[in-house]
Amino acid sequence: MTKKRSKKKSAFMKTWLVPSILLVITLLITGMIVYKIIDSNDSNANSPKQNGSKITSMAKKSIATYRQSLEQYATDQYKINLERYNQLSTTEKAAFDVEKITNSQVNASIQKQIGKSIFDDSFEKTDGLQPTTKTTVQLSANQDRYEVVSTATLGEKHSTVKQQFKVDFQVDQKIISDFYRPQYVAHTSKRIAIQNASNVLGLLASSNVKNITVDGSSCQHELRNGAYLNECLNDGNTTASNSKIMNDLSFQKFLPSFPTKEIKALDEAGINDEKLYFKKKIKDQKKKVKIYYLKDGQLTVDHLTKKKFTESNPFQFTSTETHLSSLSIDGEEAFIDIGDNSQTLRIDQLRLTGNAKLHFVGSGKVQLFIQSFSATDGSIIADGAKLATFYDSKAPITFSKNFTSDGFIYLKNADATLMMDTYKGNIISGGQHLLIDGGASPQSQFIVLPKGNLELTNRTSFKGSMIANAIVINQSSVTFAKPSELLRFPIQYPVYQEVRQYVLYSKLQEN
C-alpha cells in the first residue's frame, strides 16, 4: 500500500513541476528579451545613424527658418506697396506695378544677403556636444534663381541641406479700365532737364527719378496748401524730393489714332472740279473778264477775289467734304461760312501770306487735313466753330512767328518748330522732335509727344501738362494746370486681390 501511494505522489510532483519549470524558463527568456530591447534602444539613442538624422533635421530647420523670414519680408513689403497703391490716382495706378515693385524689393534684399552666413547654436546639446548650423544664400548655377545652403555640425559630424528658390509673386488681379488724367507739369519715359534759369511750378514725373535734374540756376517750387511757395526747392538732384515722382507709365499707346482712313478716302475722291468765278471789267480791257476764285481745285483769295469772301457775304462750300489742291490767301481777310455742319477740307497746300486771316464762321466743326504749309504768315480763326488741324506730311515744318491758329494741331510724324501761342489748343505729335521757341500759352494746354523729345526755350511760358519721351526746359517757365481740353487716353490698372505665392521653391537636397 505504502509503495503505491509513493508512485502516485511521484507522478503528481512530476506533473506539477514540468509546467512550473517551463513557466519560469519562459519568464526568464521574456525578461532577457525585454532587457535586450531596452538595452538596444538605449544604445541606439546615440548611434551614428540617429545622430546623423538629428543634424540633418537641424539643417532642414534652419532652411525653414530662413524661408519663414523671407516670406515674412515679402509679405510686409507687399502690404506697404499695396497700401501706397490704394492711395494713388487711376493714372498713377496704371504705372505703379505692385507685383513688379515688390519683386524688385525682395530680390534686392536677397542680393544683399548673398555670401553672408547665419549661425544658429540654439539647439539642445547631444552627448555634451553643442550642435550648430551655418546657413548661406548664394546664386545658383541657373542665374535667375538663388540657393540657400544650411550645414549642421555636431562634433566631427556634418550634414548639408540645399534648396533652390526664386521670387515669383502670383497675385490674382481684376483689370479696371479708365482714362489718363494729367497731374504732372512734365511726364516722360526718360529724361527731364530743367536748366538755364528756368522755373517749374508742378510735379515732374519719370520712369526713374534719377533722370530728373534741375540745375543750380533753375528753380522748382513746392506746392503747399494749394499754392506754390516762393522759395526754390533744389534737392541736389537726389531721389528724395517730393516734387519728383517715379511713374513708369508707357506712353506709346497714348498717341490718339490719326484719321488716315478719312484722308485716304478724300484723296481717292479726287480734287474739287468746280469752276467758280465772277465777271469784272478790268482797266484797259473792253470786255469783262472772268475772275476765278475756285478752279482746278485752287481756292484763291486776293485783292481781285476778296469780294466773294467778305464777312457780310462769306463763301460756302457746296459739299461738306472737299479736296483742294491749294488754298491761298494773300494779304486779305477771308470768311468761309460752315453753318452748323461738319466741314472737312483736304488741302494739299495751304498758303497764307501778308498777314492773311482765314475765318471759319458758324457753330459747326472744321477738320483741316493739310499735306503742306507752303507759307504761314497769317492766322486761322474759328469764329464760333470748333477747329482741328491734322498735318500728315513727313516734312519738318517751322511755323512763322506771326502765325496763329485756333483749335489743336496733330502732327502725324513730322518734326516741328513753333511758338507756344501758335496754336491755342493742344499740340499732339508722333514725330521725333518738337521745339517750342518762345511765346506764352493762351490757355491751359496739353502737349503730347510720346515718341519724341520736347524742348521749350527762348523764355517760353507754358501752362498745362506735357507728355514726351524726354523734355528739356531751357530758359523757360512751366506751370501745371489741367488742360482746357482733355484728350481721353484709355488706360488700364489692376485691383490686386489674393496672393497665391510669393516665392517658388525646389525640392530639398540632402548631402
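For the single chain, residues carry numbers from 1 onward in sequence order. Every value quoted in this text rests on a predicted model; they were computed, and no experiment measured them.
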Is the side chain of [X] donor-acceptor paired with the backbone N or O of [Y] at a distance under 3.5 Å, no angle test?
X: T75; Y: E71; value: yes
X: Q445; Y: G425; value: yes
X: S62; Y: T135; value: no
X: Q195; Y: S218; value: no
X: Y496; Y: V98; value: yes
X: S465; Y: Y184; value: yes
X: E222; Y: S243; value: no
X: Q138; Y: K116; value: no
X: S379; Y: I381; value: no
X: S57; Y: S53; value: yes

Is it the case that [X] and [Y] place a side-chain donor and acceptor less than 3.5 Å from each other?
X: T457; Y: N474; answer: yes
X: S189; Y: S207; answer: no
X: E262; Y: Q367; answer: no
X: S198; Y: S476; answer: no
X: Y146; Y: N107; answer: yes
X: T320; Y: N341; answer: no

Mind checking whether F408 and F390 have ring centres under 6.0 Å apart?
-> yes
Would you name the heavy atoms of [X] and [Y] that are closest together and state the gap between them?
X: N81; Y: Q105; result: ND2-OE1, 2.7 Å
X: N196; Y: D215; result: N-OD2, 2.8 Å
X: T322; Y: Q343; result: OG1-NE2, 4.1 Å
X: M420; Y: P442; result: O-CD, 4.0 Å
X: Q164; Y: R145; result: OE1-CD, 3.8 Å
X: M419; Y: G439; result: CE-N, 3.9 Å

Decide salt bridge (charged side-chain N to carboxylate O under 4.0 Å, His left out) for K412 and D392; before the verdict, give the C-alpha distance in whole Å, the side-chain angles of both, and the deciding distance to 0.1 Å.
-> CA-CA 5 Å; K412 184 179 181 181; D392 63 319; over 6 Å; no
Is there a side-chain contact between [X] and [Y], using heavy atoms and a 4.5 Å cut-off?
X: P182; Y: K482; result: no
X: R191; Y: V472; result: yes
X: L434; Y: L418; result: yes
X: Q113; Y: I118; result: no
X: D348; Y: H323; result: yes
X: I447; Y: N426; result: no
X: T422; Y: T376; result: no
X: R67; Y: V503; result: no

The residue among V185, V214, T479 that forms side-chain contact (heavy atoms from CB on, under 4.5 Å) with V200 is V185
Using the side-chain hydrogen bond (donor to acceptor under 3.5 Å, both in side chains) rule, take E99 and N103 through it: C-alpha gap first, then chi angles, then the decisive distance, then the call.
-> CA-CA 6 Å; E99 191 170 339; N103 260 293; 4.8 Å; no
Nearest 0.5 Å, please: how far is [atom2] in [Y] from [atom1] in [X]?
X: F258; Y: I428; atom1: CZ; atom2: CD1; value: 10.0 Å
X: D437; Y: N458; atom1: CG; atom2: CG; value: 4.5 Å
X: I467; Y: I471; atom1: CD1; atom2: CD1; value: 8.5 Å
X: I436; Y: S461; atom1: CD1; atom2: OG; value: 12.5 Å
X: T460; Y: Q475; atom1: OG1; atom2: CD; value: 9.5 Å
X: S206; Y: I245; atom1: OG; atom2: CD1; value: 11.5 Å

Could you give me the CA-CA distance, side-chain angles and deciding distance for F123 and T133, then say whether side chain to side chain contact (heavy atoms under 4.5 Å, CB included) is met?
-> CA-CA 9 Å; F123 304 98; T133 59; 3.6 Å; yes
Show your working on side-chain hydrogen bond (donor to acceptor under 3.5 Å, both in side chains) between S484 and S444 and close with a plain yes or no.
-> CA-CA 5 Å; S484 300; S444 179; 4.7 Å; no
Salt bridge (Lys or Arg N to Asp or Glu O under 4.0 Å) partners of [X], counting only residues at least two apart:
X: K60; value: E510
X: R181; value: D178
X: K463; value: none

So Y505 and F165, would you call those rings parallel, tilted or perpendicular, with 30° and 60° as cut-offs?
->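 The arrangement is tilted - the two ring planes meet at 30° to 60°.
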Quick one: sort the F96 and Y85 rings into parallel, tilted or perpendicular, breaks at 30° and 60°.
-> tilted
Please say whether more than 12 non-hydrogen atoms of neighbouring residues, nucleotides or ligands are located less than 6.0 Å from CD in Q497.
-> yes
E485 CD: over 12 foreign heavy atoms closer than 6.0 Å = no
What's the verdict on side chain to side chain contact (heavy atoms under 4.5 Å, CB included) for I114 and L139, showing C-alpha distance, side-chain angles and the deciding distance?
-> CA-CA 7 Å; I114 290 177; L139 282 173; 3.9 Å; yes
Can you name the residues that form a ring pair (Phe, Tyr, Trp, His ring centres under 6.0 Å) with F403, not counting sequence neighbours?
-> F399, Y423
Please lay out, stage by stage, how I473 and M466 fare under the test side chain to side chain contact (heavy atoms under 4.5 Å, CB included).
-> CA-CA 11 Å; I473 311 298; M466 298 176 283; 4.0 Å; yes
Who are the side chain to side chain donor-acceptor pair (under 3.5 Å) partners of N211, not counting sequence neighbours?
->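 Checked N211 against side chain to side chain donor-acceptor pair (under 3.5 Å); zero matches.
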Step by step, would you call K451 with N469 a side chain to side chain contact (heavy atoms under 4.5 Å, CB included)?
-> CA-CA 5 Å; K451 299 178 182 179; N469 185 53; 6.0 Å; no
Could you tabulate the donor-acceptor pairs under 3.5 Å formed by side-chain atoms of residues 382-389, not counting sequence neighbours?
from, atom 1, to, atom 2, distance (Å)
D383, OD2, H359, ND1, 2.8

